[in-house]
Amino acid sequence: MASSAAIQQLPLVCPGHNRGVVELNYSATTPDGVFFISACLDGKPMLRDGVSGDWIGTFDGHKGAVWSAAITPDATLAATGAADFTARLWDALTGDALAVLPQNHICKSVAFSSTADRLLTAGAMTAISVYDVALGEAPPLSTLIDGGAAAGVKPPGVKFVRYVGNSPHQVVSASNSPRDAFLCTWDVRSGEAPTGRIELTAGVRSAELCAEGTTLVVVTDDAKVHVLDASSGKVLREPLQVAEATESASLQLPGRGRLVTGGRDLEVHAYDYETGAELESLRGHHGPVWVVRHAPDGETFASGSDDATVRIWRSNPQPNCGAAAGGASNGGA
């Protein structure tokens with residue numbers, strides 16, 4: 001339980017969406033600042049200032065709910081995946097669409113390589129696709145599919161896919177099936193079958209690959225948060241038991257000071273990474289919290305909710321202090 005002396009924060013509220021916000025991802029710190037992109041079921045992914053939460057622009061073009069959104073470390077390119085059976089590549093400086101990439105089904109996950117020259121897409125399809133960003137709307141360079149799966153059995157699809165570290169070849173993914181209590185690792189140079197498994201305690205509810213590219217934070221269906229090394233599969237801490245309602249978790253870096261979670265209880269919870277003790281229980285959202293993500297400096301984190309808002313909170317709040325300079329609410333589109 002959180003300490004009774006914990007400071008009740010007043011977060012920055014970022015309106016503008018009109019349906020649930022289901023994914024958030026930050027850029028690295030650039031000469032122009034830090035930015036984050038939000039994926040929303042209203043089909044209108046948005047770009048915002050990562051400190052103030054100010055709306056910068058909306059990526060217009062999808063014809064269905066947007067389930068995934070990614071931004072390159074330098075904040076020059078963005079990618080989105082949606083229920084309209086497309087992934088899209090965007091110029092994050094102008095908002096212009098650079099490519100529409102047809103998918104065979106709903107696209108639930110998109111991810112850039114560390115050098116931003118490759119893009120992964122996955123979802124309710126049988127394969128993970130690998131695209132060359134420079135080739136625009138050209139077909140995928142390759143696909144990753146489990147050729148060893150039983151004949152006649154439809155693959156469950158993929159809910160999460162990421163490149164690992166700086167490798168242009170190593171990929172990690174999570175199945176859409178609650179029966180699959182593991183992550184798969186892949187080598188894009190072969191792609192015929194996973195190269196390995198990282199065992200978990202239950203099916204994957206959500207996952208985060210931290211900005212340094214190797215630390216995985218995974219929420220499983222038995223309400224545990226796993227922290228793993230994606231390159232080796234090594235367990236970095238014992239699984240943390242959290243509220244049954246938990247949907248998402250994020251690790252504070254640098255320093256591994258805190259883990260934060262959000263879920264169907266409408267609250268954001270902060271835990272001490274080492275001890276697992278709950279430090280804060282943050283209220284403010286009016287709907288389930290589907291995603292939480294830390295800013296690259298670890299000083300703040302953002303939460304996205306079914307109430308159609310993003311809220312920005314301080315990792316180490318001080319009395320009578322909001323999340324960031326600029327007040328308690330920043331406008332949307």
Practice problem: Please check if any side-chain donor atom of Ser305 sits under 3.5 Å from a side-chain acceptor atom of Trp290, or the reverse. | Solution: no
Quiz item: Is a side-chain N or O of Lys159 found less than 3.5 angstrom from the main chain of Ser206, in a donor-acceptor match?
Solution: no
Self-check item: Cationic N near anionic O, under 4.0 Å, Glu244 to Arg205
Solution: yes
Self-check item: Side-chain heavy atoms of Val217 within contact of Cys210, under 4.5 Å
Solution: yes
Quiz prompt | Sole candidate of Glu280, His294, Glu274 that passes side chain to side chain donor-acceptor pair (under 3.5 Å) when paired with Arg258 | solution = Glu280
Practice problem: Only one of Ile37, Val292, Val291 passes side chain to side chain contact (heavy atoms under 4.5 Å, CB included) with Leu24; say which it is. | Solution: Val291
Practice problem: For atom CG of Asn166, decide whether the heavy atoms of other residues, nucleotides or ligands shown that lie under 6.0 angstrom number more than 12. | Solution: no
Quiz item: Can you tell me if Thr80 and Trp90 form a side-chain donor-acceptor pair at under 3.5 Å?
Solution: yes
Quiz item: Hey, is CG on Asp222 packed in by over 12 heavy atoms from elsewhere, all under 6.0 Å?
Solution: yes
Quiz prompt | Option passing side chain to side chain donor-acceptor pair (under 3.5 Å) with Gln103 (candidates Asp84, Thr86, Thr121) | solution = Thr121
Quiz item: Stepwise, does the side chain to side chain donor-acceptor pair (under 3.5 Å) test hold for His17 with Ser38?
Solution: CA-CA 9 Å; His17 287 298; Ser38 55; 2.8 Å; yes
Quiz prompt | Pairwise distance OG1(Thr29) to CG(Asp74) - rounded to 0.5 angstrom | solution = 12.5 Å
Self-check item: Under 3.5 Å donor-acceptor, Thr300 side chain and Ala295 backbone
Solution: no
Quiz item: So, His285 and Ser303: side-chain donor and acceptor under 3.5 Å apart, yes or no?
Solution: yes
Quiz item: Sub-3.5 Å donor-acceptor pair from the side chain of Arg19 to the main-chain atoms of Leu41, do we have one?
Solution: yes
Quiz item: Do Val130 and Leu120 come within less than 4.5 Å of each other through their side chains, counting heavy atoms only?
Solution: yes
Quiz item: Taking Val218 as the fixed residue, which of Ile198, Val225, Leu183, Val227 is the one that meets the side chain to side chain contact (heavy atoms under 4.5 Å, CB included) rule?
Solution: Leu183
Quiz prompt | Polar side-chain atom of Thr261 near backbone of Ser248 as donor-acceptor pair, under 3.5 Å | solution = no
Quiz item: Can you list the steps and then say if Leu259 with Gln252 is a side-chain contact (heavy atoms from CB on, under 4.5 Å)?
Solution: CA-CA 6 Å; Leu259 272 167; Gln252 181 187 25; over 6 Å; no
Self-check item: Closest contact, heavy atoms only, Pro296 versus Pro254
Solution: O-CD, 4.0 Å
Quiz prompt | Side-chain (Arg311) to main-chain (Gly284) donor-acceptor, under 3.5 angstrom | solution = yes
Quiz item: For the residue pair Ser52 and Ile312, what are the closest heavy atoms and their distance?
Solution: C-CD1, 4.4 Å
Quiz item: Do Val172 and Cys184 have side chains that get closer than 4.5 Å, going by heavy atoms?
Solution: no
Self-check item: Remaining members of hydrophobic cluster (4.5 Å side-chain criterion), Leu141
Solution: Leu135
Self-check item: side-chain contact (heavy atoms from CB on, under 4.5 Å) between Thr76 and Asp91, intermediate numbers included
Solution: CA-CA 6 Å; Thr76 59; Asp91 184 320; 6.0 Å; no
Quiz prompt | ILVMFWY network linking Val242 to Tyr273, side-chain heavy atoms under 4.5 angstrom | solution = yes
Quiz item: Any side-chain donor-acceptor pair under 3.5 Å between Ser315 and Glu299?
Solution: no
Quiz item: Within a strict 4.5 Å, meaning less than it, do heavy atoms of the Ser27 and Val34 side chains meet?
Solution: yes
Exercise. State, yes or no, whether a side-chain contact exists between Arg293 and Phe301 at a heavy-atom distance under 4.5 Å.
Key: no
Quiz item: When rounded to the nearest 0.5 angstrom, what is the spacing between CG in Asn25 and CD1 in Ile71?
Solution: 9.0 Å
Quiz item: Any link between Leu209 and Leu228 through a network of hydrophobic side chains (Ile, Leu, Val, Met, Phe, Trp, Tyr) touching at under 4.5 Å?
Solution: yes
Quiz item: In Å and rounded to the nearest 0.5 Å, what is the SG to CZ distance from Cys107 to Arg88?
Solution: 11.0 Å
Exercise. Test salt bridge (Lys or Arg N to Asp or Glu O under 4.0 Å) on Glu247 and Arg264 and set out the steps.
Key: CA-CA 7 Å; Glu247 292 287 338; Arg264 286 169 279 115; 2.7 Å; yes
Exercise. State, yes or no, whether a side-chain contact exists between Cys40 and Val66 at a heavy-atom distance under 4.5 Å.
Key: no
Quiz item: Do Leu240 and Val235 sit in the same hydrophobic cluster, where Ile, Leu, Val, Met, Phe, Trp and Tyr count as joined when their side-chain heavy atoms come under 4.5 Å apart?
Solution: no
Quiz prompt | Minimum heavy-atom distance between Val171 and Val164, given as atom pair plus value | solution = C-CG2, 4.2 Å
Quiz item: Between OH of Tyr163 and OG1 of Thr115, what distance do you get to the nearest 0.5 Å?
Solution: 8.0 Å
Quiz item: Asp265 and Ala245: which non-hydrogen atoms are nearest, and at how many Å?
Solution: N-CB, 3.6 Å
Exercise. Provide the full list of salt bridge (charged side-chain N to carboxylate O under 4.0 Å, His left out) pairs with a residue in residues 114-141, sequence neighbours left out, each pair given once.
Key: Arg118-Asp132
Quiz item: Are any of the side-chain heavy atoms of Thr220 and His226 separated by less than 4.5 Å?
Solution: yes
Quiz item: Atom CG in Asp96, atom CG in Leu89: separation rounded to 0.5 Å?
Solution: 11.5 Å
Quiz prompt | Among Ser109, Ser173, Ser113, the one residue meeting side chain to side chain donor-acceptor pair (under 3.5 Å) with Arg162 | solution = Ser109
Exercise. Kindly compute the distance separating CG (Asp49) from CZ (Phe36), expressed to the nearest 0.5 Å.
Key: 8.5 Å
Quiz prompt | Phe85 with Trp67, same ILVMFWY side-chain cluster at under 4.5 Å | solution = yes
Practice problem: State plainly whether the residues Arg48 and Asp54 are in salt-bridge range, i.e. N to O under 4.0 Å. | Solution: no
Quiz item: Is there a chain of hydrophobic side chains (I, L, V, M, F, W, Y, each step under 4.5 Å between heavy atoms) that links Leu266 to Val268?
Solution: no
Quiz item: Quick one: does Phe160's side chain get under 4.5 Å of Leu216's, heavy atoms only?
Solution: yes
Quiz item: So, the side chain of Asp307 versus the backbone of His286: is there a donor-acceptor pair under 3.5 Å, distance only?
Solution: yes
Self-check item: Donor-acceptor contact below 3.5 Å, side chain Thr246 vs main chain Ala243
Solution: yes
Practice problem: Determine yes or no for a side-chain-to-main-chain donor-acceptor pair under 3.5 angstrom, with Ser177 supplying the side chain and Arg179 the backbone. | Solution: yes
Practice problem: Would you tell me whether Asp32 and Thr30 have side-chain atoms, one donor and one acceptor, within less than 3.5 Å of each other? | Solution: no
Quiz prompt | Lys/Arg-Asp/Glu bridge criterion (N-O < 4.0 Å) met for Arg189, Asp187 | solution = yes
Quiz item: When you measure from the side chain of Thr309 to the backbone N and O of Cys14, does any donor-acceptor pair fall under 3.5 Å?
Solution: no
Quiz item: Just by distance, with hydrogens left out, do Ser231 and Gln170 show a side-chain donor and acceptor under 3.5 Å apart?
Solution: no
